[in-house]
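One structure below.
Below, chain A is the first sequence line, B the second, and so on; all start at residue 1.
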There are 2 protein chains.
Amino acid sequence: MENLTKLDKIDYRLLNLLQNNAKVTNAYLSQQIGLSQAAIFERVKRLENDGYIKNYYAQIDGPKAGLGATFFVQISLTNNSRKSMDSFLQKIDELDEVIECHNITGSSNFLLKIVTKDLHSFQDLVMGEMSKLEEIGSLESMIVLSVMKDSKTVPIPLN
Amino acid sequence: MENLTKLDKIDYRLLNLLQNNAKVTNAYLSQQIGLSQAAIFERVKRLENDGYIKNYYAQIDGPKAGLGATFFVQISLTNNSRKSMDSFLQKIDELDEVIECHNITGSSNFLLKIVTKDLHSFQDLVMGEMSKLEEIGSLESMIVLSVMKDSKTVPIPLN
DNA sequence: AATGAAATTTGCAGATA
DNA sequence: TATCTGCAAATTTCATT
């Protein structure tokens, strides 16, 4: 990237409005913020180009779309070499069901979020594709019984 | 809701295209799918109205926006009564930094995803607002060192 | 589900401070 | 550098078939 200009309060308000609803029009943002549509347009373009806004996406209702099961899986590798980690991550990246992979502190190395059709599909995944990952030492699964909160936003301070 | 019509392959393809990029035009979707723009429009509207598409979001780059720290926190309650759980969840819902809360199986009751400015802000949150939650029995934090994968999509089968 | 037209929104001038 | 006014192009939305 280039030299990024520091964000002001208006930028943070824009980010917050857009992370809650990407379908708002420039006219609406213009009203909320109190700037002209052109100024809003310029700012949003800058936020996109400078990478503050990474993407726009539709949030799909997993269960309705036939993906009713979510899991968090803690994984430890047998070997903590760079080579072993890279190999593990490359294979994980190819598994569509693994939607998140975090390198974490604590007793295990990685925390994965996995979405599948149902419990059985999850078992198939763990016993099938994931059992092929030689790098895995231990694996502990947590089944998500219900999602109490899932905000898809980040707590941007507005003052 | 009402009686939802079953989704066909075209619907699943639309969901998949939109969850990867909500900014695609009906003209583009029309080309990809091979239907007229009006037909695409009708289908997307139906997917929205029937709740398959819950919302459209801008994905913000947390670290760039000053939110550089992510944590997963496992929490067990002292008491598993409905009353205690509801009280806990209501208070959690008011904490903007807690962006996810899952009720899970395993040794702890809940898994929370928390985003803050930095490690110090996280400590403030845990020592401050969260220490007020009387329902909490034990709390174990995992610091996210790096995010290896974060797809924001769900593995919709396309055939 | 398609065609085509109307309404809305976006994107970009040129002007101003 | 950041903003505004206003217009042309693109896109969405809807009536009709």
Side-chain angles (χ1 to χ4, degrees), chain A residues 1-61 64-66 152-153 156-159, chain B residues 1-61 64-66 152-153 156-159:
Chain A
M1 302 276 154
E2 329 70 43
N3 47 346
L4 307 181
T5 54
K6 205 175 168 322
L7 301 189
D8 62 16
K9 287 186 184 183
I10 292 179
D11 293 319
Y12 283 117
R13 285 184 65 195
L14 283 173
L15 290 177
N16 203 46
L17 288 164
L18 289 169
Q19 76 172 341
N20 279 290
N21 181 7
K23 279 296 161 83
V24 294
T25 64
N26 286 335
Y28 173 81
L29 294 173
S30 167
Q31 278 189 328
Q32 291 293 308
I33 304 280
L35 288 179
S36 74
Q37 292 189 27
I40 296 293
F41 175 75
E42 296 288 347
R43 278 174 180 266
V44 174
K45 268 287 158 292
R46 199 189 73 236
L47 291 169
E48 289 171 3
N49 291 335
D50 290 355
Y52 293 101
I53 297 172
K54 293 162 88 170
N55 200 1
Y56 295 92
Y57 58 94
Q59 188 195 2
I60 308 303
D61 187 313
K64 276 198 176 178
K152 306 295 181 194
T153 63
I156 296 174
L158 294 177
N159 39 46
Chain B
M1 302 277 156
E2 329 69 43
N3 46 348
L4 307 181
T5 53
K6 207 174 166 325
L7 302 188
D8 63 15
K9 287 186 184 181
I10 293 179
D11 293 318
Y12 283 116
R13 285 184 65 196
L14 282 173
L15 289 178
N16 202 44
L17 288 164
L18 289 169
Q19 75 171 344
N20 279 290
N21 181 6
K23 280 294 161 85
V24 294
T25 64
N26 286 336
Y28 174 80
L29 294 173
S30 168
Q31 278 187 328
Q32 291 293 308
I33 305 280
L35 288 181
S36 73
Q37 291 189 27
I40 296 294
F41 174 74
E42 298 288 346
R43 279 173 179 267
V44 174
K45 268 286 159 291
R46 184 169 50 78
L47 291 170
E48 290 171 2
N49 292 334
D50 291 354
Y52 293 101
I53 297 173
K54 293 162 88 170
N55 204 350
Y56 295 92
Y57 291 100
Q59 185 191 0
I60 308 303
D61 187 312
K64 276 198 177 178
K152 306 295 181 193
T153 63
I156 296 174
L158 295 177
N159 39 47

Problem - Lys/Arg N to Asp/Glu carboxylate O, B:Glu42 vs B:Lys45, below 4.0 Å - result: no
Exercise for the section: Could you tell me whether B:Lys64 and A:Asp50 have a side-chain N and a carboxylate O separated by less than 4.0 Å? Expected result: no
Rounded off to whole Å, could you give me the [atom1]-to-[atom2] distance for the [X] and [N] pair?
X	N	atom1	atom2	value
B:Lys23	C:dG11	NZ	P	8 Å
A:Ile40	C:dC12	CD1	P	17 Å
A:Gln31	C:dT9	CD	C1'	14 Å
A:Leu29	C:dT10	CG	C1'	13 Å
A:Asn49	C:dC12	CG	P	11 Å
A:Lys45	D:dT3	NZ	C1'	18 Å
B:Phe41	C:dA6	CZ	P	17 Å
A:Glu42	C:dG14	CD	C1'	13 Å

Practice task
Keeping the roles fixed (side chain from A:Asn55, backbone from B:Asn20), state whether a donor-acceptor pair exists under 3.5 Å.
Solution key: yes
Under 4.0 angstrom, heavy atoms only, what part of the nucleic acid is [X] near: base, sugar-phosphate, or nothing?
X	value
B:Gln37	base
A:Thr25	sugar-phosphate
B:Ala38	base
B:Arg43	sugar-phosphate

Problem - A:Val24 vs A:Gln32, side-chain contact (heavy atoms from CB on, under 4.5 Å): CA-CA, chis, key distance, verdict - result: CA-CA 11 Å; A:Val24 294; A:Gln32 291 293 308; over 6 Å; no
Exercise for the section: Look at B:Asn26 and D:dT11 and indicate whether a side-chain polar atom (N or O) is within less than 4.0 Å of OP1 or OP2. Expected result: no
